[in-house]
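The model shown is predicted, which means the values in this text are computed figures rather than measured ones.
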Number of protein chains: 2
Amino acid sequence: MNFETTKDRIIYESLRLFAEKGFDGVSMREIAAAVGMKAASLYSHFKGKEAIYTSIVDTMKSRYNDEVMNLQIDGNDPSADVKVYEQISSEQLYGIGRELFVYFVHDEYTRMYRKMLTIGQFQNEMIAQEYSRQYYDEAITYQRQLFTMLAQMGNFKDADYEVMALHFYAPIYTMITICDRQPEREDEMLELLRKHIEQFVKVYVLKN
Amino acid sequence: MNFETTKDRIIYESLRLFAEKGFDGVSMREIAAAVGMKAASLYSHFKGKEAIYTSIVDTMKSRYNDEVMNLQIDGNDPSADVKVYEQISSEQLYGIGRELFVYFVHDEYTRMYRKMLTIGQFQNEMIAQEYSRQYYDEAITYQRQLFTMLAQMGNFKDADYEVMALHFYAPIYTMITICDRQPEREDEMLELLRKHIEQFVKVYVLKN
DNA sequence: GTCTATAAGAAGATAGAC
DNA sequence: GTCTATCTTCTTATAGAC
């Protein structure tokens, strides 16, 4: 996120407030106060409250793509990542899982954006689809493709690789939602994450 | 839920509206209209809007306990349920999973209540704890105890049974949240549920 | 218990000075 | 671009007739 323009600061503060209180729970006066101006001035930058919300969604979509490219793993193209994990070990798979987990839980914008979508998902069809796409379909598709390729190299037991992706990702996703609700449980979840991946490897990886 | 008293009808309609629009998104006039009265009359039954919300939470807690007792499995005391699954088979484990899934997704009140907690979890510490307790801790504890007992009977491979519970439950929980957001994907999720449990059994159950 | 009427305030949004 | 002032509408909640 850039903080160069006032527009960007409005987007950031609005996201922060929407993530805590929901769209309806935040007033234009509140946003203005957080930015350090009067409510009327917001209308010089955005047509209205809904325009701010739309702008947040657009900004975060492009931000997500930028960030994902900076991770060690590509995150979008598993065929580019597969070389990294050719001789997959428990350690390495823990690497993927932990990286995924820590990024999602610690990155301020990602966390706020996910909270905002979580709150808004039942009020808006578009938000619902965006949430499922980003936090389910894309994640599962990536893992499924990665596991399929690793299996062709003879690293894994024979299995349905979509289900295998689900077995890898769903526990991690579930633990992320716990940390969103109760940040004080992060250490507990990190320990459980370690056990999860250890057991996942025992159960699915042929020899390690 | 009883519909005998006006109070109960107010609770039901409020829950229905809160689940769709969130607490702040619903006005007293809206609730009153849904019940079939004027907003002022609501104050003869509840002190205010927040009192309705509190009352919903209390009502749903007791309702959940009642409902769970009516399921084939006890749902709270795995030692009472373990006899049912002594000679666990893929079919039977599919039975637990599917029952869990269908109850959570189809039961109107459970679904509305879960949506309401989902929306409210970041605004209220109590709601956050209630959500985690009901949809994570209690579910995992139950499954862990069940798997531990089944393992002592020699049905399962050696494993960490908390992680095993997570591997069983987290995919189911994740699929439930998909159906909450996108009910049109229920068939897809039911098919995935079947595959999930099939593979879970292949991976964890010794002989079947 | 339900109604009408209304208080008291907060909401989103706009006009126009600077 | 930001401000003050204001419009209009909506909010929760109460008073008092029936």
Side-chain angles (χ1 to χ4, degrees), chain A residues 1-59 112 115-117 119-120 122-127, chain B residues 1-59 112 115-116 119-120 122-124 126-127:
Chain A
M1 180 94 67
N2 265 328
F3 279 111
E4 283 162 28
T5 69
T6 307
K7 221 170 163 133
D8 289 328
R9 278 174 48 235
I10 295 171
I11 288 177
Y12 171 74
E13 294 296 341
S14 300
L15 171 57
R16 198 174 58 73
L17 289 165
F18 289 158
E20 291 302 314
K21 310 183 176 197
F23 183 80
D24 291 317
V26 180
S27 71
M28 292 295 271
R29 279 168 184 78
E30 218 171 341
I31 294 169
V35 176
M37 51 166 57
K38 297 292 175 184
S41 305
L42 293 172
Y43 293 87
S44 297
H45 302 276
F46 294 95
K47 204 190 163 192
K49 198 178 170 184
E50 214 162 296
I52 298 179
Y53 194 88
T54 310
S55 210
I56 289 174
V57 174
D58 292 343
T59 303
M112 294 192 304
K115 283 188 180 187
M116 195 188 76
L117 293 192
I119 294 174
F122 304 129
Q123 293 157 61
N124 184 315
E125 180 93 8
M126 203 193 71
I127 298 293
Chain B
M1 179 93 71
N2 265 327
F3 279 110
E4 284 160 28
T5 69
T6 307
K7 221 171 162 127
D8 289 327
R9 277 175 50 234
I10 294 171
I11 287 176
Y12 171 75
E13 294 297 342
S14 299
L15 171 58
R16 197 174 58 74
L17 289 164
F18 289 157
E20 290 304 313
K21 309 181 176 198
F23 184 79
D24 291 317
V26 180
S27 71
M28 292 294 269
R29 278 173 184 76
E30 220 170 339
I31 295 168
V35 176
M37 51 168 55
K38 296 294 175 183
S41 305
L42 293 172
Y43 292 86
S44 298
H45 302 276
F46 293 94
K47 202 190 162 194
K49 198 180 172 186
E50 214 163 295
I52 298 178
Y53 194 88
T54 309
S55 209
I56 288 173
V57 174
D58 292 343
T59 305
M112 295 193 302
K115 282 188 180 187
M116 196 187 75
I119 295 173
F122 304 129
Q123 291 157 66
N124 184 315
M126 202 193 70
I127 299 293

Whole-Å gap separating C1' (C/dA11) and CG (A/Leu17): 16 Å

Interatomic distance, A/Ile11 atom CD1 to A/Asp58 atom CG [nearest 0.5 angstrom]: 8.5 Å

Integer-rounded Å distance: C/dG1 P and B/Leu42 CG: 13 Å

Terminal helix-axis angle for the helix from C/dG1-D/dC18 to C/dC18-D/dG1, with five pairs defining each axis and rounding to 10 degrees: 0°

Exercise: identify the closest heavy-atom pair between B/Val26 and B/Leu17: CG2-O, 3.5 Å

Pairwise 5' ranking along DNA chain C for B/Thr6 and B/Arg29, keeping only the more 5' one: B/Thr6

Side-chain touch B/Tyr12/B/Asp8, heavy atoms, less than 4.5 angstrom: no

Shortest non-hydrogen contact between B/Phe46 and B/Ile52, atoms and distance: CG-CG1, 3.6 Å

Phosphate OP1/OP2 of D/dA13: any B/Tyr43 side-chain N/O under 4.0 Å: yes

Whole-Å distance separating the CE atom of A/Met28 from the P atom of D/dA5: 20 Å

Contact residues, residues 31-40 of chain A to DNA chain C [heavy atom, < 4.0 Å]: A/Ala40

Heavy-atom closest contact (B/Ser14 atom, B/Ile31 atom, distance): OG-CG2, 3.3 Å

Smallest separation among heavy atoms of A/Ile119 and A/Ala19, with atom names: CD1-O, 3.4 Å

B/Lys21: salt bridge (charged side-chain N to carboxylate O under 4.0 Å, His left out) partners, not counting sequence neighbours: B/Glu30

Positions of residues 44-58 of chain A (non-hydrogen atom under 4.0 Å from DNA chain C), listed by number: A/Gly48, A/Lys49

Close side-chain approach of B/Tyr53 to B/Ile127, heavy-atom, < 4.5 Å: yes

Spatial distance of atom CD (A/Glu50) from atom CZ (A/Phe23) [nearest 0.5 Å]: 5.5 Å

Of all pairs that satisfy side chain to side chain donor-acceptor pair (under 3.5 Å), the ones with a partner from residues 37-49 of chain B, not counting sequence neighbours: none

Test salt bridge (charged side-chain N to carboxylate O under 4.0 Å, His left out) applied to A/Glu20 - qualifying residues, sequence neighbours left out: A/Lys115

Touch class at under 4.0 angstrom, heavy-atom based, for B/Ser41 against every strand present: base

